[in-house]
Amino acid sequence: MFKKGSKLNSILKGTCPKCQNESMYEDKNPLHLTKVLKMNESCSHCGLKYQIEPSFFYGAMYVSYGLNVALGIAAFIISYVFLNSSIEASFIAIVVTLVVLFPFVLRWSRNIYINMFVSYDPITNIKK
């Protein structure tokens with residue numbers, strides 16, 4: 001499931017979607033908030049240019065919206081249904097969940113978006 005070559009591996013680790021040999025981001029830690037969206041220009045292993053076209057990652061905003069809605073619904077269900085919290089406490093749980101996971105959602109949305117357009121190519125991993 002997380003083996004090299006799977007989309008899930010590239011999405012969760014933030015690696016190049018084409019070769020999956022290196023991180024797309026300058027800083028691998030998403031909790032360094034000043035560098036959370038700083039990306040390398042291209043992959044040094046396979047040469048894939050991450051900014052496929054100007055403003056390419058604007059489309060990731062739609063993915064981010066979907067992820068935030070899903071996380072908010074999950075937080076509400078866990079809080080309200082399983083933990084029997086009040087509506088107010090469930091609302092607070094949603095807000096806290098979205099704030100805490102904000103840097104991860106930013107990266108996951110970009111990772112998902114680029115993986116929608118670029119597929120793994122095992123030929124890029126053959127030693128020359």
Side-chain angles (χ1 to χ4, degrees):
M1 182 164 82
F2 293 110
K3 65 180 182 170
K4 191 174 195 174
S6 71
K7 293 250 186 225
L8 195 55
N9 179 43
S10 176
I11 290 169
L12 294 179
K13 291 184 178 179
T15 57
C16 171
K18 188 173 182 183
C19 69
Q20 296 185 4
N21 281 324
E22 67 178 33
S23 176
M24 293 189 295
Y25 301 95
E26 290 177 5
D27 187 356
K28 288 185 180 182
N29 187 351
L31 297 177
H32 295 151
L33 298 179
T34 57
K35 300 178 183 177
V36 72
L37 293 178
K38 300 248 190 231
M39 296 182 73
N40 297 317
E41 289 287 320
S42 61
C43 178
S44 65
H45 186 265
C46 70
L48 175 69
K49 186 178 173 189
Y50 298 129
Q51 189 81 10
I52 295 172
E53 60 185 31
S55 305
F56 174 71
F57 286 109
Y58 281 152
M61 290 187 299
Y62 298 104
V63 177
S64 176
Y65 176 76
L67 285 174
N68 281 314
V69 168
L71 289 170
I73 291 171
F76 176 78
I77 290 172
I78 290 169
S79 174
Y80 189 72
V81 175
F82 294 120
L83 300 177
N84 295 321
S85 299
S86 66
I87 291 290
E88 293 84 10
S90 298
F91 177 73
I92 292 169
I94 292 169
V95 171
V96 168
T97 300
L98 296 181
V99 168
V100 169
L101 294 179
F102 175 72
F104 297 100
V105 170
L106 279 175
R107 286 212 175 165
W108 291 337
S109 62
R110 281 189 171 205
N111 298 346
I112 290 169
Y113 193 69
I114 196 166
N115 272 279
M116 290 168 56
F117 297 97
V118 180
S119 295
Y120 177 71
D121 185 8
I123 294 175
T124 60
N125 288 315
I126 296 174
K127 302 233 181 205
K128 296 178 182 176

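What you see below is based on every heavy atom in this structure, not just the backbone, and it leaves out hydrogens, waters and symmetry mates.
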Phe117: which residues meet the ring-ring contact (aromatic ring centres under 6.0 Å, His included) condition with it, sequence neighbours left out?
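Here the qualifying residues are Phe56, Tyr113.
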Can you tell me how far [atom2] of [Y] sits from [atom1] of [X], rounded to the nearest 0.5 angstrom?
{"X": "Glu41", "Y": "Tyr50", "atom1": "CD", "atom2": "OH", "answer": "10.5 Å"}
{"X": "Arg110", "Y": "Met39", "atom1": "CZ", "atom2": "CE", "answer": "6.0 Å"}
{"X": "Ser119", "Y": "Lys7", "atom1": "OG", "atom2": "NZ", "answer": "3.5 Å"}
{"X": "Ile73", "Y": "Ile78", "atom1": "CD1", "atom2": "CD1", "answer": "12.0 Å"}
{"X": "Leu83", "Y": "Ile77", "atom1": "CG", "atom2": "CD1", "answer": "12.0 Å"}
{"X": "Tyr25", "Y": "Leu37", "atom1": "OH", "atom2": "CG", "answer": "7.0 Å"}

Verify the distance criterion only: is there a donor paired with an acceptor across the side chains of Glu22 and Thr15 at less than 3.5 Å?
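Looking only at side-chain atoms, Thr15 and Glu22 do not form any donor-acceptor pair under 3.5 Å.
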Classify the side-chain pair Asn21/Lys4 by whether it contains a donor and acceptor separated by less than 3.5 Å.
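The criterion, which ignores hydrogens and geometry beyond distance, is satisfied for Lys4 and Asn21.
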Going hydrophobic residue to hydrophobic residue with side-chain gaps under 4.5 angstrom, can you get from [X] over to [Y]?
{"X": "Val118", "Y": "Leu8", "result": "yes"}
{"X": "Tyr58", "Y": "Tyr65", "result": "no"}
{"X": "Leu106", "Y": "Leu12", "result": "no"}
{"X": "Val63", "Y": "Trp108", "result": "yes"}

Applying side-chain hydrogen bond (donor to acceptor under 3.5 Å, both in side chains), run through Asn9 and Gln20 and close with a yes or a no.
CA-CA 8 Å; Asn9 179 43; Gln20 296 185 4; 2.9 Å; yes
Measure the shortest side-chain to side-chain distance between Val36 and Asn29 over non-hydrogen atoms and say whether it is less than 4.5 angstrom.
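Not touching, per the 4.5 Å side-chain cut-off.
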Decide if atom CZ of Phe104 counts as having more than 12 heavy atoms of other residues, nucleotides or ligands within a radius under 6.0 Å.
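Count over threshold, so yes.
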Short side-chain to backbone donor-acceptor contact, Arg107 and Lys28, under 3.5 Å
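Present.
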Listing, residues 88-102 side-chain donor-acceptor contacts under 3.5 Å, not counting sequence neighbours, or none:
{"from": "Glu88", "atom 1": "OE1", "to": "Ser86", "atom 2": "OG", "distance (Å)": "3.4"}
{"from": "Ser90", "atom 1": "OG", "to": "Ser79", "atom 2": "OG", "distance (Å)": "3.2"}
{"from": "Ser90", "atom 1": "OG", "to": "Ser86", "atom 2": "O", "distance (Å)": "2.9"}
{"from": "Thr97", "atom 1": "OG1", "to": "Ala93", "atom 2": "O", "distance (Å)": "2.7"}

Considering all heavy atoms of both residues, which atom of Lys49 and which atom of Ile52 are nearest to each other, and what is their separation?
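Closest approach of Lys49 to Ile52, heavy atoms only: O-CG1, 3.8 Å.
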Between Pro17 and Asn115, what is the shortest heavy-atom contact and its length?
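Heavy-atom minimum between the residues: CB-OD1, 3.4 Å.
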Asp27 vs Lys38, side chain to side chain contact (heavy atoms under 4.5 Å, CB included): CA-CA, chis, key distance, verdict
CA-CA 7 Å; Asp27 187 356; Lys38 300 248 190 231; over 6 Å; no
Among Ser42, Cys16, Cys19, which one satisfies side-chain contact (heavy atoms from CB on, under 4.5 Å) with Leu48?
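The single option meeting the side-chain contact (heavy atoms from CB on, under 4.5 Å) with Leu48 is Cys16.
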